[in-house]
Amino acid sequence: PHANRDEAHFYLGLVADAKGETAEAAPQYQADLKVDPNNSAAYNKLGLILNQDGKLDDAIRHFQKAIQLKPLDSAARTNLAVALMQRGSYGQAAVELNEVLRTNPHDAAAHFCQGFAFLYSKRVNEAISKFREGLRYKPDDAEAHYGLASAFAAQRKRPEAVAEVREALRLRPNFPAAQEMLQQLER
């Protein structure tokens with residue numbers, strides 16, 4: 001089946017996006033939304049581009065519109081949570097992530113994001129719990145091991161922090177923040 005003319009802009013946006021050509025993808029998603037203002041995926045994709053371009057408030061509005069159109073869209077809700085955390089709205093981010101986890105309790109990305117939200121808001125025990133829960137579903141996530149290492153470091157649990165940051169580096173050897181953390185922990 002071929003895309004009809006109404007869907008062409010969306011698919012052209014996806015192709016440009018896949019190539020990393022966000023400057024070309026964004027106008028395609030915008031054109032698609034003029035034709036189909038109910039395309040939640042286009043709002044989500046455009047939100048990601050806006051966030052990447054530093055247009056945080058616009059990105060948040062696009063993620064919210066995607067969720068309004070498709071309330072169970074866990075990707076849009078997780079993207080909204082990440083944008084809210086970038087704005088420093090950790091409580092709001094946690095609410096969005098709770099909603100993702102209510103409908104999909106095994107969503108590792110939501111657990112990891114919630115772990116970082118708790119970590120940034122100094123709720124370290126809850127952060128550790130969330131990182132561990134997410135790692136049950138996706139044990140090879142370097143960022144999550146780094147987050148868990150950060151939480152252990154915040155509790156001054158050096159051996160646990162070292163073990164987790166080493167695991168992060170085993171999974172992703174070229175991980176500058178983890179390399180720096182390991183150097184600090186080994187001093």
Side-chain angles (χ1 to χ4, degrees), residues 1-104 106-121 130 134 137-138 140-144 146-147 150 168 171-172 174-178:
H2 296 285
N4 66 36
R5 290 176 61 141
D6 292 350
E7 297 171 323
H9 288 294
F10 180 71
Y11 289 109
L12 288 170
L14 288 176
V15 169
D17 222 346
K19 293 178 182 177
E21 299 169 352
T22 57
E24 288 78 26
Q28 294 295 340
Y29 294 135
Q30 290 166 336
D32 177 75
L33 289 170
K34 286 180 182 161
V35 176
D36 180 6
N38 293 319
N39 186 343
S40 64
Y43 279 105
N44 186 44
K45 291 288 191 179
L46 194 51
L48 287 168
I49 292 170
L50 291 164
N51 193 2
Q52 182 180 325
D53 290 346
K55 299 174 182 170
L56 195 54
D57 290 336
D58 289 336
I60 287 170
R61 280 192 292 278
H62 279 75
F63 295 138
Q64 289 170 331
K65 183 65 176 180
I67 294 164
Q68 177 187 346
L69 293 168
K70 192 175 172 189
L72 297 179
D73 186 343
S74 62
R77 207 172 279 278
T78 301
N79 292 336
L80 173 60
V82 169
L84 289 168
M85 286 192 305
Q86 289 170 322
R87 190 167 73 185
S89 302
Y90 305 116
Q92 284 179 274
V95 168
E96 294 300 332
L97 293 163
N98 280 337
E99 187 60 26
V100 171
L101 293 169
R102 186 183 65 75
T103 57
N104 186 2
H106 304 297
D107 187 320
H111 283 288
F112 299 150
C113 286
Q114 203 165 49
F116 281 108
F118 287 141
L119 182 62
Y120 298 147
S121 57
K130 285 295 169 182
Y137 308 116
K138 191 176 177 191
D140 292 339
D141 190 290
E143 288 282 340
Y146 173 78
S150 299
L171 294 166
R172 195 167 95 205
N174 187 18
F175 189 164

Worksheet item: Can we call the ring centroids of Tyr43 and Phe63 under 6.0 Å apart?
Response: no

Worksheet, complete the sentence: With sequence neighbours left out, the residues meeting salt bridge (charged side-chain N to carboxylate O under 4.0 Å, His left out) with Lys138 are Asp141

Worksheet entry | Distance-minimising heavy-atom pair for Gly134 and Phe112 | C-CE2, 3.2 Å

Worksheet item: Can you find a pair of side-chain heavy atoms, one from Gln52 and one from Leu48, that are under 4.5 Å apart?
Response: no

Worksheet entry | SB check Glu99 Arg77 (cutoff 4.0 Å) | no

Worksheet item: Taking Gln114 for the side chain and Lys130 for the main chain, is one N or O donor matched with an acceptor at less than 3.5 Å?
Response: no

Response to the item:
For Ala25 and Gly13, the nearest pair of non-hydrogen atoms, with its separation, is CB-O, 3.4 Å

Practice prompt. State, to 0.1 Å, how close Gly47 and His62 come at their nearest heavy-atom pair, and which atoms those are.
Written response: CA-CB, 3.8 Å

Got a list of side-chain donor-acceptor pairs under 3.5 Å for residues 67-76, not counting sequence neighbours?
unit_1: Asp73; atom_1: OD1; unit_2: Ala75; atom_2: N; d: 3.1
unit_1: Asp73; atom_1: OD1; unit_2: Ala76; atom_2: N; d: 3.1

Item to complete: Could you tell me whether the side chain of Lys65 reaches within less than 4.5 Å of the side chain of Ile60, counting heavy atoms only?
Response: no

Discussion item. Return the CD to CD1 distance between Gln30 and Ile49, rounded to the nearest 0.5 Å.
Written reply: 8.5 Å

Worksheet entry | Interatomic distance, Asp53 atom CG to Thr22 atom OG1 [nearest 0.5 angstrom] | 5.5 Å

Discussion item. Test side-chain contact (heavy atoms from CB on, under 4.5 Å) on Asn51 and Lys55; report intermediate values, then the result.
Written reply: CA-CA 5 Å; Asn51 193 2; Lys55 299 174 182 170; over 6 Å; no

Worksheet item: Once you round to the nearest 0.5 Å, how far does CZ of Phe116 lie from OG of Ser121?
Response: 13.0 Å

Discussion item. Ignoring hydrogens and geometry beyond distance, is a side-chain donor-acceptor pair present between Asn44 and Asn79 at under 3.5 Å?
Written reply: yes

Fill in: Closest contact, heavy atoms only, Leu101 versus Ala110
CD2-CB, 3.7 Å

Discussion item. Please find the pair of heavy atoms, one from Ala42 and one from Leu33, that lie closest to each other, and give the distance.
Written reply: CB-CD2, 3.7 Å

Worksheet item: Which value, rounded to the nearest 0.5 Å, describes the distance between Glu24 atom CD and Lys19 atom NZ?
Response: 9.0 Å

Item to complete: Assess whether side-chain contact (heavy atoms from CB on, under 4.5 Å) is satisfied between Asn39 and Tyr29, documenting all intermediate values.
Response: CA-CA 9 Å; Asn39 186 343; Tyr29 294 135; over 6 Å; no

Practice prompt. Flag the pair Gln64 / Leu80 as yes when at least one side-chain heavy-atom distance between them is below 4.5 Å, and no otherwise.
Written response: yes

Item to complete: Identify the two heavy atoms, one from Cys113 and one from Met85, that lie closest to each other, and give their separation to 0.1 Å.
Response: O-SD, 3.5 Å

Worksheet entry | Distance, nearest 0.5 Å, that separates CD of Glu96 from OG of Ser89 | 11.0 Å

Worksheet entry | Pair Asp17, Gln28: side-chain N/O donor-acceptor within cut-off below 3.5 Å | no

Worksheet item: Just how far is it from atom CG of Leu119 to atom OH of Tyr90, taken to the nearest 0.5 Å?
Response: 9.5 Å

Worksheet entry | Heavy-atom side-chain proximity of Gln92 to Arg87 below 4.5 angstrom | yes

Discussion item. Strictly below 4.0 Å, N to O, side chains only: are Arg172 and Glu143 in salt-bridge contact?
Written reply: yes

